[in-house]
Number of protein chains: 2
Amino acid sequence: MKQKVHSGSKPKLKECLEEEAYLELCRTTDLLSRRLGGLLKAEDLSANQYNILRILRGSPDGLPCGEIGNRMITRDPDITRLLDRLEKRELITRCRETKDRRMVMARIAPGGLKLLAELDEPVREAHAGQLAHLGRKRLWALMELLQEARSEG
Amino acid sequence: MKQKVHSGSKPKLKECLEEEAYLELCRTTDLLSRRLGGLLKAEDLSANQYNILRILRGSPDGLPCGEIGNRMITRDPDITRLLDRLEKRELITRCRETKDRRMVMARIAPGGLKLLAELDEPVREAHAGQLAHLGRKRLWALMELLQEARSEG
DNA sequence: CAACAATACTCGTTGTAACGAATATTGTCA
DNA sequence: TGACAATATTCGTTACAACGAGTATTGTTG
């Protein structure tokens with residue numbers, strides 16, 4: 001996920017505005033991601049693993065693997081292996097659904113909740129430290145623009 | 001003024017605006033990156049390799065490996081191997097500097113220029129297709145906000 | 001029931017990122 | 001000159017992403 005983009009040369013005339021905007025986006029995301037990455041690495045979590053945990057925390061009833069795959073845009077064999085690692089560390093649990101026994105529901109486990117809870121504060125502080133200087137107004141403006149950017153892709 | 005007291009349940013983490021903005025940023029960058037990723041994969045280029053080629057195109061006199069590493073925020077040994085792969089495909093050339101013989105200058109090769117040239121149009125079209133609906137005004141606003149976001153991290 | 005679709009999984013593969021440790025060469029400076 | 005710094009490299013390691021092919025189980029439908 002980490003995508004690095006060169007930030008050196010001045011924009012050539014031929015480069016279109018959309019491309020420049022994309023580069024800005026990459027640079028910014030990359031910069032902001034580094035701190036978070038450091039926090040996660042200290043807990044031996046990959047960004048994807050962290051995302052899964054947060055998704056599952058938001059769905060206390062659990063989610064089928066396929067649904068996780070849809071949200072992450074990741075193929076199901078890869079989701080399976082991601083969940084394998086998380087399950088081995090007892091951060092999540094899996095159990096087969098009784099209704100539709102084709103599905104396996106993944107739920108966050110106490111260990112996963114605890115780990116997330118420990119990360120919440122530093123993560124929030126990291127983001128605040130990096131973005132608070134924008135202020136509420138510009139943050140809202142930024143979020144709105146980003147949503148609009150995705151709204152018609 | 002009366003103070004509100006939490007009853008029993010754990011105080012919900014205040015979803016801070018900065019964190020939300022970061023998530024929006026990630027979602028947007030991720031979405032936009034996928035098309036580019038497809039174009040690059042068709043040419044067997046990783047995002048990092050593509051970035052290096054673009055950096056080098058912007059520096060016709062070549063760059064020392066260390067400078068590339070600085071721009072990409074990537075460690076020396078990894079840059080070396082990235083350049084190895086690019087050199088093997090004759091997309092770049094390397095030669096030792098005569099002045100300071102510790103340095104090795106990497107330059108883009110004709111093959112690299114050609115490959116980039118072939119990618120320029122589809123890449124630009126992809127980005128335009130994804131972002132043009134914002135219009136110039138909002139694109140500028142977005143870019144400005146992103147620059148400000150990085151200006152104090 | 002048979003055929004098919006959906007779900008998750010197993011297995012294998014390749015390339016890469018990221019990191020640590022060590023080395024050779026060269027330049028700089030006290 | 002000798003000690004040190006800078007540059008790039010080699011080597012080894014681990015984990016992960018991404019992809020393809022195939023399998024087992026279960027549900028659905030004609």
Side-chain angles (χ1 to χ4, degrees), chain A residues 1-5 30 33-53 62-89 91-107, chain B residues 26 30 33-53 62-89 91-107:
Chain A
M1 183 205 91
K2 240 197 261 190
Q3 185 147 6
K4 278 157 270 185
V5 169
D30 188 52
S33 295
R34 287 180 189 277
R35 272 204 210 167
L36 178 60
L39 292 174
L40 297 186
K41 195 170 47 189
E43 302 291 344
D44 267 305
L45 275 183
S46 76
N48 278 341
Q49 290 172 345
Y50 181 64
N51 283 338
I52 288 188
L53 289 181
L63 285 178
C65 299
E67 174 57 23
I68 300 175
N70 288 341
R71 298 205 194 178
M72 313 252 311
I73 322 188
T74 299
R75 309 161 68 88
D76 50 297
D78 300 322
I79 291 291
T80 294
R81 283 197 263 213
L82 272 168
L83 293 180
D84 285 345
R85 295 175 203 128
L86 293 174
E87 192 180 27
K88 193 172 297 175
R89 293 174 60 183
L91 301 178
I92 66 157
T93 62
R94 276 192 280 197
C95 73
R96 197 161 283 276
E97 229 2 53
T98 50
K99 286 198 161 185
D100 184 341
R101 290 186 46 76
R102 288 172 302 183
M103 290 198 291
V104 170
M105 296 296 268
R107 288 186 183 78
Chain B
C26 286
D30 189 52
S33 295
R34 287 181 189 277
R35 273 206 210 166
L36 179 60
L39 292 175
L40 297 185
K41 195 170 45 188
E43 301 292 343
D44 266 305
L45 276 182
S46 77
N48 277 341
Q49 291 172 344
Y50 181 63
N51 285 338
I52 288 187
L53 289 181
L63 285 177
C65 299
E67 174 58 22
I68 300 176
N70 288 340
R71 299 204 195 179
M72 312 254 311
I73 322 186
T74 299
R75 308 162 69 89
D76 277 6
D78 300 323
I79 292 291
T80 294
R81 282 196 263 211
L82 272 168
L83 293 180
D84 285 345
R85 294 175 206 129
L86 293 174
E87 193 180 26
K88 194 171 297 176
R89 293 174 61 182
L91 301 177
I92 66 157
T93 62
R94 277 192 281 198
C95 72
R96 198 161 281 276
E97 237 349 62
T98 50
K99 287 195 161 184
D100 185 340
R101 290 187 45 77
R102 290 173 301 184
M103 291 197 290
V104 169
M105 296 296 268
R107 288 186 183 79

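Just so we're clear, the structure is a prediction, and the values are computed from it rather than from any experiment.
If you take CD1 of A/Ile68 and P of C/dT7, they are 14 Å apart, rounded to a whole angstrom. Distance A/Asp78 CG to C/dC11 P: 15 Å, rounded to the nearest Å. One interatomic measurement links the two molecules: CG of B/Leu63 to P of D/dA8, which rounds to 10 Å at whole-angstrom precision. If you measure from atom CG of A/Asp76 to atom C1' of D/dG22, you get 13 Å, rounded to the nearest angstrom. Atom CG in A/Asp44 sits about 13 Å away from atom C1' in C/dA18, given to the nearest Å. Here the C1' atom of nucleotide D/dA15 and the CG atom of A/Leu40 are 15 Å apart, to the nearest Å. For the pair A/Met103 CE and D/dG27 C1', the interatomic distance rounds to 10 Å; values are reported in whole Å. Between B/Tyr50 atom OH and C/dA17 atom P the separation is 16 Å, expressed in whole Å.
If you check every strand for non-hydrogen atoms under 4.0 Å, B/Ser46 touches sugar and phosphate atoms only.
A pairwise comparison of heavy atoms in A/Cys65 and A/Leu83 identifies SG-CD1, 3.5 Å as the closest pair. Of all heavy-atom pairs between B/Met103 and B/Pro64, the closest is SD-CB, 3.9 Å.
Residue B/Arg85 has a polar side-chain atom (N or O) positioned under 4.0 Å from OP1 or OP2 of C/dT16. Using a 4.0 Å cut-off, some side-chain N or O of A/Asn48 falls inside it from OP1 or OP2 of D/dA17.
A residue-by-residue look at A/Ile73 and A/Pro77 shows that A/Ile73 has its nearest nucleotide of DNA chain D further toward the 5' end. When the nearest nucleotides of DNA chain D are assigned to B/Gly66 and A/Lys99 by heavy-atom distance, the more 5′-ward of the two goes with B/Gly66.
Here B/Cys26 contributes atom SG and A/Asn51 contributes atom CG; the two are 8.0 Å apart, rounded to the nearest 0.5 Å.
Closest to the side chain of B/Arg75, from the set C/dC19, C/dG27, C/dT16, is C/dC19. Considering only side-chain atoms of A/Lys41, the nucleotide from C/dA18, C/dG27, C/dC9 that sits closest is C/dA18. Closest to the side chain of B/Gln49, from the set D/dA17, C/dT16, C/dA8, is C/dT16. Of all nucleotides listed (D/dT13, C/dT25, D/dT9), D/dT13 comes nearest to the side chain of B/Arg81. When each of C/dA8, D/dC19, D/dT25 is scored by its nearest atom to the side-chain atoms of A/Arg102, the top-ranked nucleotide is D/dT25. For B/Asp84, counting side-chain heavy atoms from C-beta on, the closest listed nucleotide (D/dT10, D/dA18, C/dA17) is D/dT10. When distances are taken from the side chain of B/Asp100 to each of C/dT26, C/dC9, C/dC19, the shortest belongs to C/dT26.
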Under 3.5 Å, sequence neighbours excluded: what are the donor-acceptor pairs made by side chains of residues 66-79 of chain A?
unit_1, atom_1, unit_2, atom_2, d
A/Glu67, OE2, A/Arg71, NE, 2.9
A/Thr74, OG1, A/Met72, O, 3.2

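A/Asp84 has a carboxylate O that lies under 4.0 Å from a charged side-chain N of A/Arg94, or vice versa, which qualifies the two as a salt bridge.
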